[in-house]
Amino acid sequence: MKKRKGYLYLSFNTGGKYNVFDSRFMLGIIDTLSEVEKIREPHFLVIRGENGNFGAGADIKELLKASSDKEYAKVFFGHMRDLFVKMLTVNKVTIGLVEGVAYGASMELLLALDIVIAKTGTRFAAPGGKLGVFPPVLVSIGPYLLGARASRKLAMLGEELDTAKAKEVGLIDYDTENLESGLMEVLNRLKLMSPTSLVRMRKLILLSLVPHLDKAFEELATQVVTDEAREGISSFFSKTSPSWSSIGFS
């Protein structure tokens, strides 16, 4: 994390081309946000993934381990739940800079941010159902933020969206060719507002959503150890199709 003129800048890199939600990343972000809360000023926190990608979602290797170990599943998804709660309740106005891909849990993280600026060409998807799991944040607080129908469609079809479609459903706020200039434009608008008023606004808007996460993550920890989840995750590694996708209709 760096302190820039007027805002805090948090970038993350989990190694490799795509940033993933692994245990190390989640615990690291939680600790960093705890440190952020101790900083009185500035009141703006900018979050960005490195390597040209915001993130590819949950680490598939850890999902595989969770699918065969119920206790590990509870711990893994407990960390994920804690990260989202921390992001929803942090005492800063949060702005996401998104590019490349934002899939799965990485896409869901956008729901916990106040303003999202995406680079044109960014791709978004919540394909958890194709693996036999589901996007817990999207199905629990997504209906309150995006609307019930948009959230159902995103979760139940798992289709990829471009920036135009993501903006249409409310997943992002701005679509830009240059993230840095887009950020400056948003910050210059925000600075017209009282910083402490903004922080209180986000608290009042988002705090009521936190209880909805608990049930969703509890259900996910149960779903990931089902036969379908084990098959779906294993199919991802073997680059084959799970059995349920071969059902014919007439």
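Hydrogens, waters and symmetry mates are skipped; everything else that's a heavy atom, side chains included, is used.
- Judged purely by atom type and a 3.5 angstrom limit, Asp162 has no side-chain atom pairing as donor or acceptor with the backbone of Gly121.
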Set out, in order, the CA-CA distance, both residues' side-chain angles and the distance that settles salt bridge (Lys or Arg N to Asp or Glu O under 4.0 Å) for Glu37 and Lys86, then state yes or no.
CA-CA 10 Å; Glu37 289 181 317; Lys86 198 70 171 176; 2.9 Å; yes
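- In the hydrophobic clustering of this structure, Phe77 does not group with Leu27; members are Ile, Leu, Val, Met, Phe, Trp, Tyr whose side-chain heavy atoms approach within less than 4.5 Å, directly or through other members.
- Inter-residue side-chain proximity for Ile29 and Ile47 is flagged as unmet; no heavy-atom pair is nearer than 4.5 Å.
- Between Met107 and Ala126, the shortest heavy-atom distance links the atoms CE-CB, 3.9 Å.
- Nearest heavy-atom pair, Ala150 versus Val169, reported as atom, atom and distance to 0.1 Å: CB-CB, 4.4 Å.
- When side chains are defined from C-beta on, Leu179 counts as touching Ile117, because their heavy atoms get closer than 4.5 Å.
- Within 6.0 Å of atom CE in Met201, more than 12 heavy atoms from other residues, nucleotides or ligands are found, so the atom counts as buried in its surroundings.
- At a threshold of 4.5 Å between non-hydrogen side-chain atoms, the residues Phe134 and Gln223 count as touching.
- Once rounded to the nearest 0.5 Å, the distance linking CG of Asp59 with CG of Asp22 reads 5.5 Å.
- Using a 4.5 Å cut-off between side-chain heavy atoms of Ile, Leu, Val, Met, Phe, Trp and Tyr, with links allowed through other members, Leu157 and Trp244 fall into different hydrophobic clusters.
- One hydrophobic cluster, built from ILVMFWY side chains closer than 4.5 Å, holds both Phe237 and Tyr72.
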Show your working on side-chain contact (heavy atoms from CB on, under 4.5 Å) between Leu145 and Leu209 and close with a plain yes or no.
CA-CA 10 Å; Leu145 299 170; Leu209 300 180; 3.9 Å; yes
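- Taking the centre of each ring, His212 and Tyr144 come in below the 6.0 Å mark.
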Show me the donor-acceptor pairs within less than 3.5 Å that the side chains of residues 78-85 make with the rest of the protein, sequence neighbours left out.
| residue | atom | partner | partner atom | Å |
| --- | --- | --- | --- | --- |
| Arg81 | NE | Asp214 | OD1 | 2.8 |
| Arg81 | NH2 | Asp214 | OD1 | 2.9 |

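- The side-chain heavy atoms of Asn53 and Lys17, taken from C-beta on, include a pair separated by under 4.5 Å.
- Shown here is Met193, whose CE atom has no more than 12 heavy atoms of other residues, nucleotides or ligands within 6.0 Å.
- If you chain together hydrophobic residues whose side chains sit under 4.5 Å apart, Leu10 and Ile95 never meet in one group.
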Report the C-alpha distance between Phe217 and Val137 in whole Å, list the side-chain angles of each, state the deciding distance to 0.1 Å, and finish with yes or no for side-chain contact (heavy atoms from CB on, under 4.5 Å).
CA-CA 8 Å; Phe217 278 104; Val137 182; 3.9 Å; yes
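- Within the structure, the salt bridge (charged side-chain N to carboxylate O under 4.0 Å, His left out) test picks out the following pairs touching residues 92-110 (sequence neighbours left out): Arg48-Glu99.
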side-chain contact (heavy atoms from CB on, under 4.5 Å) between Leu187 and Phe44, intermediate numbers included
CA-CA 8 Å; Leu187 287 172; Phe44 303 112; 4.1 Å; yes
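- Residues Val224 and Phe76 form no side-chain contact, since every pair of their non-hydrogen atoms from C-beta on lies 4.5 Å or further apart.
- Here Glu62 does not pair with Lys65 in a salt bridge; the nearest charged N to carboxylate O distance is not below 4.0 Å.
- Of all heavy-atom pairs spanning Leu64 and Ser67, the tightest one is O-OG, 2.6 Å.
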After noting the C-alpha distance and the side-chain angles of Leu138 and Leu146, does the key distance pass the side-chain contact (heavy atoms from CB on, under 4.5 Å) rule?
CA-CA 9 Å; Leu138 178 60; Leu146 305 179; 4.1 Å; yes
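- Without hydrogens or angle criteria, Asn51 side chain to Tyr18 main chain gives no donor-acceptor distance under 3.5 Å.
- Between the side chain of Glu177 and the backbone N or O of Lys119, no donor-acceptor pair lies under 3.5 Å.
- Residues Val46 and Leu8 fail the side-chain proximity criterion, which asks for heavy atoms closer than 4.5 Å.
- Contact between Thr120 and Asp175 at its shortest, heavy atoms only, is OG1-OD1, 2.6 Å.
- A 4.5 Å side-chain heavy-atom check between Leu63 and Phe236 finds every atom pair outside the cut-off.
- How far CG of Leu183 is from CG of Asn178: 10.0 Å, rounded to the nearest 0.5 Å.
- Centroid-to-centroid, the aromatic rings of Phe54 and Phe12 come within less than 6.0 Å.
- Residue Gly232 comes nearest to Pro242 through the heavy atom pair CA-CB, 4.5 Å, listed as atom of the first residue, atom of the second, then distance.
- Using a distance-only test at 3.5 Å, with no hydrogens or angles considered, no donor-acceptor pair links the side chain of Thr226 to the main chain of Thr222.
- Within a 6.0 Å radius of CZ in Arg40, other residues, nucleotides and ligands contribute 12 heavy atoms or fewer.
- Ile115 and Val90 end up in different hydrophobic clusters when Ile, Leu, Val, Met, Phe, Trp and Tyr side chains are linked at under 4.5 Å.
- Formation of a donor-acceptor pair under 3.5 Å by the Ser238 side chain with backbone atoms of Ser234 is found in this model.
- To the nearest 0.5 Å, the span separating CE on Met87 from CG on Leu113 amounts to 6.0 Å.
- Between the side chains of Tyr103 and Glu160, a donor-acceptor pair is found at a separation under 3.5 Å.
- The closest side-chain heavy-atom distance from Val186 to Arg189 is not below 4.5 Å.
- What you find for Gly158 and Ala125 is that their closest heavy atoms are O-CB, 4.2 Å.
- Ion pairing between a basic and an acidic side chain is recognised when a charged N comes within 4.0 Å of a carboxylate O; Asp227 and Arg230 show such pairing.
- Here the straight-line distance linking atom CG of Leu161 with atom OG1 of Thr122 works out to 11.5 Å at 0.5 Å rounding.
- Once rounded to the nearest 0.5 Å, the distance linking NE2 of His43 with OG1 of Thr94 reads 14.0 Å.
- A salt bridge links Asp114 and Arg202; the closest N-O separation between the charged side-chain nitrogens and carboxylate oxygens is under 4.0 Å.
- With rounding to the nearest 0.5 angstrom, the CG atom of Leu45 is 8.0 Å from the CE atom of Met1.
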